[in-house]
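Computed from a prediction, not measured in an experiment: that's the story for all the values here. Just so you know, these numbers use all the heavy atoms, side chains as well, and skip hydrogens, waters and symmetry mates.
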Amino acid sequence: METLSHDIIIIGAGIAGLRAAIAAAQFNKIDVAVVSKVYPVRSHSVCAQGGTGAVLRDGDSFDLHAWDTVKGSDFLADQDVVELFVRRAPQEIVALDHWGCPWSRTEDGKINQRRFGGHSFPRACFAADMTGFHEMHVLDGKAKTFDNVKFYDEWFVVSLLVKDKTVAGLTAIDIKTGEMCALRAKAVVMATGGHERIYGFTTFSHTATGDGMTIAYRVGAQLKDMEFIQFHPTGLVPPGVLITEGARGEGGYLLNSKGERFMKRYAPERMELAPRDIIARAEMTEILEGRGLEGPYGHYIALDIRHLGEEKINERLPLIRDVAIKLGGIDPVKEPIPIRPAAHYSMGGIHANIKTETPISGLYAVGECSCMSLHGANRLGTNSTSDCLVFGAIGGEEAAKHAMSKSLIELPNDQVLSSEKRVFDEILGSEGDERVATIRDEMRAIMNDKVWIFRTGDGLMSALKGVKELRERFGKITVDDKSRQFNTGLIGALQLDFTLDLAEVTITSALARTESRGAHSRRDYTKRDDENWLKHTLAYCTKEGPRLEYAPVTIAKWPPTARTY
Ligand SMILES: Cc1cc2nc3c(=O)[nH]c(=O)nc-3n(C[C@H](O)[C@H](O)[C@H](O)COP(=O)(O)OP(=O)(O)OC[C@H]3O[C@@H](n4cnc5c(N)ncnc54)[C@H](O)[C@@H]3O)c2cc1C
């Protein structure tokens, strides 16, 4: 097997990975590699629509952004992390501006900002409703100006190689040839995004299978707060594709079957701009109590933006108009958009500290795959892309500093061999009668039915049993295509392997947390319980399944209070 070496390897080329690559590359000409299973601008970040949050204007303040984030998080965010985040976010907006991001502007030429849920001030910087698309192209272009950054596009990372709790490198498959390589590095930055594809109805790309979370978990990094999955209030029916919160930020209404703006009963002050957990629960309650609309694809809620007028819709929300016409069959200029909540974000992820360091020396985690914890039990819209920028930059710098002070360590050859055996003998070589797609769809159905917005102990227990059975059945799969070159069947099987672990950790963490906080809502424990549960969940990988421990929350300025909007 070929062995390659770099000072730093960044796994993932979304906003977080590319921002880390730029920060690391600017550091003393250090040798940086970026490995991505898809071509960089196909990373999910390119789909980000509504905006990137940062304080830019008089009238807004770091304290206000921090307070909104902490309250939005239902007090589970670590407040030192929040403080650092809000202070660094504006620099990132300006950096993107200098690198060529075509931000939407005000009449007098300033970067425009729109309203978003849970934010007390319009602080979402946007480029129409294609913010991620523009940010990604700017970052990709910038990263490619450095001759000390090498891209491994369409390489699939399979495992981390770790010796004495220190990173030695990783194994990856070059998807084009199907050959496995070992890559050595002094530092590795995990930037592999979320795991929303454990669910069936989601706003995320098919690539969001949480690979990096499982890869890190299996070598001893903890997964933190995995019970907290965000459900976005406006997934287009039927495909689940996102209709940005920017539609409500620009003034859109949510209506039930009686034509009522029902949010007045759930968040009378903020209405359609309350945080996502509250609106998603309100929509589900309307549907469950018989006030949803009915269509060929089941119950839904109406998102009405007709009153904004065609001109404004075309200027501010061109993408979602196009998406609604092509994938929903309706023109939002003329009709309300059919929507319902869809799995949208993973507040949990690889346990990392404020410097993005994980407990494994030389391993850093940034972006959606990480949890440090900025978003606590519920993330505010626009805080993810800014999280990716701020902590991507910090992770790149920290990894570079680490790499400067260390030498490559010897590769643990036994781990390289067992990685190869796992992929080619146990998975590609398996000759059972189970289908990858069947197990995958059954997992998603379990998650949709039993680990959705409202949860119960019985439902979670039954989900856990179901996922464990699927794990057993995974041992008997067959991948029909036995060839090596561009074997998407094999990649699908490897992704399913990763997601099964993540489904198990998500359910186990949710079952243990006997309270309702942020996006985790238990029918059998309906109240937030600060006395027993103001703490982070940490899941450790063991042969018997996840073992849970807990860690304290950093409270600096704001002790928990009632959360009303
Ligand atoms: C439709 C949509 C709209 C959104 N809108 C907004 C918004 O307006 N504002 C906001 O703040 N947030 C928004 N979000 C959330 C935000 O876009 C994401 O949380 C964020 O972009 C994640 O970025 P990332 O860099 O962490 O990961 P991603 O962009 O998901 O990138 C992951 C990278 O990891 C690589 N990778 C994964 N596994 C492997 C592997 N095994 N081997 C090699 N490479 C691997 C992939 O190739 C990819 O390059 C939106 C999300 C969606 C889905």
Side-chain angles (χ1 to χ4, degrees), residues 15-16 19 51-57 60-93 113 116-125 194 224-225 228 230 270 274-278 345-358 364-395 397-398 517-520 528 530 533-538 551-563 565:
I15 294 175
R19 185 64 190 89
T52 297
V55 172
L56 296 184
R57 295 262 192 293
D60 199 2
S61 71
F62 293 139
D63 249 17
L64 195 56
H65 190 187
W67 162 244
D68 288 342
T69 303
V70 168
K71 186 178 173 193
S73 83
D74 218 346
F75 299 91
L76 197 70
D78 282 330
Q79 295 180 13
D80 53 342
V81 174
V82 174
E83 184 82 14
L84 174 67
F85 162 74
V86 297
R87 287 179 182 277
R88 277 196 62 159
Q91 297 167 30
E92 292 298 322
I93 301 293
Q113 290 181 296
F116 245 76
H119 291 277
S120 323
F121 197 86
R123 63 170 75 96
C125 309
K224 184 156 84 192
D225 293 342
F228 298 104
Q230 176 161 87
R270 291 292 174 92
R276 292 172 178 173
D277 56 334
I278 292 172
Y345 186 79
S346 164
M347 269 74 75
I350 302 164
H351 173 44
N353 66 16
I354 194 165
K355 291 173 158 183
T356 76
E357 294 163 327
T358 72
Y364 298 78
V366 298
E368 196 176 333
C369 72
S370 70
C371 179
M372 40 204 75
S373 134
L374 170 60
H375 310 294
N378 175 64
R379 169 175 77 83
L380 294 188
T382 77
N383 271 359
S384 171
T385 43
S386 22
D387 167 5
C388 290
L389 290 164
V390 167
F391 288 100
I394 292 174
E397 286 158 19
E398 291 297 328
R517 181 186 297 272
H520 174 66
R528 192 177 82 197
D530 290 327
W533 287 104
L534 186 59
K535 56 190 180 185
H536 297 295
T537 308
L538 292 177
V553 176
T554 307
I555 307 281
K557 277 191 195 151
W558 295 290
T561 55
R563 183 169 171 252
Y565 288 93

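- Here the side chains of Phe75 and Thr561 are in contact, with some heavy-atom distance below 4.5 Å.
- The heavy-atom pair separating Gly518 from Asp74 by the smallest distance is N-OD2, 2.7 Å.
- Interatomic distance, Leu84 CG to Phe62 CZ, rounded to the nearest 0.5 Å: 11.0 Å.
- Closest approach of Arg88 and Ala393 over heavy atoms only: NH2-CB, 3.9 Å.
- Side-chain contact between Lys535 and Pro552: absent, with no pair of heavy atoms (C-beta onward) separated by less than 4.5 Å.
- What you find for Ser73 and Gly376 is that their closest heavy atoms are CB-CA, 3.8 Å.
- No option in Ile93, Asp68, Thr382, Val86 other than Asp68 meets the side chain to side chain contact (heavy atoms under 4.5 Å, CB included) test with Arg123.
- The structure places OG of Ser370 at 13.0 Å from CD of Glu357, a figure rounded to the nearest 0.5 Å.
- Two residues are said to be in side-chain contact when any heavy atoms from C-beta on lie closer than 4.5 Å; Val81 and Thr554 fail this criterion.
- Note that OH of Tyr364 is 8.5 Å distant from NZ of Lys355, once rounded to the nearest 0.5 Å.
- Of the residues listed (Arg379, Arg517, Arg563), the one engaging Asp277 in a salt bridge (charged side-chain N to carboxylate O under 4.0 Å, His left out) is Arg563, and it is the only one.
- When side chains are defined from C-beta on, Asp63 counts as touching Lys557, because their heavy atoms get closer than 4.5 Å.
- Atom CG in Leu64 sits 8.0 Å away from atom CZ in Phe121 (nearest 0.5 Å).
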Walk me through whether Phe228 and His375 qualify under ring pair (Phe, Tyr, Trp, His ring centres under 6.0 Å).
CA-CA 10 Å; Phe228 298 104; His375 310 294; over 10 Å; no

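- At a cut-off of 3.5 Å, with distance as the only test, a side-chain donor of His65 or Asn383 sits close to an acceptor on the other residue.
- Using modelled atom types, one side-chain atom of Ser386 and one backbone atom of Gly53 make a donor-acceptor pair closer than 3.5 Å.
- The distance from the CG atom of Asn353 to the CG atom of Asp78 is 10.5 Å, given to the nearest 0.5 Å.
- Here the CD-CG distance, from Glu92 to Asp387, works out to 11.0 Å after rounding to the nearest 0.5 Å.
- Of all the heavy atoms in Thr358 and Ile350, the pair that sits closest is CG2-CG2, 3.9 Å.
- Contact detail for Ala77 and Val553: the closest heavy-atom pair is O-CG1, 3.5 Å.
- Counting only N and O atoms by type, the side chains of Gln230 and Asn378 include a donor and acceptor under 3.5 Å apart.
- Proximity of Cys371 to His536: side-chain heavy atoms (C-beta onward) are nowhere separated by under 4.5 Å.
- Between Val366 and Ala16, the shortest heavy-atom distance links the atoms CG2-CB, 3.9 Å.
- Side chain of Gln79 to main chain of Trp558: a donor-acceptor pair is present (N/O by atom type, distance under 3.5 Å, no hydrogens or angles).
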Is there a side-chain contact (heavy atoms from CB on, under 4.5 Å) between Trp533 and Leu76 once you walk through the steps?
CA-CA 9 Å; Trp533 287 104; Leu76 197 70; over 6 Å; no

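- Without hydrogens or angle criteria, Asp530 side chain to Leu534 main chain gives no donor-acceptor distance under 3.5 Å.
- Although no hydrogens or angles enter the test, the distance criterion places no donor-acceptor pair under 3.5 Å between the side chain of Glu368 and the main chain of Tyr345.
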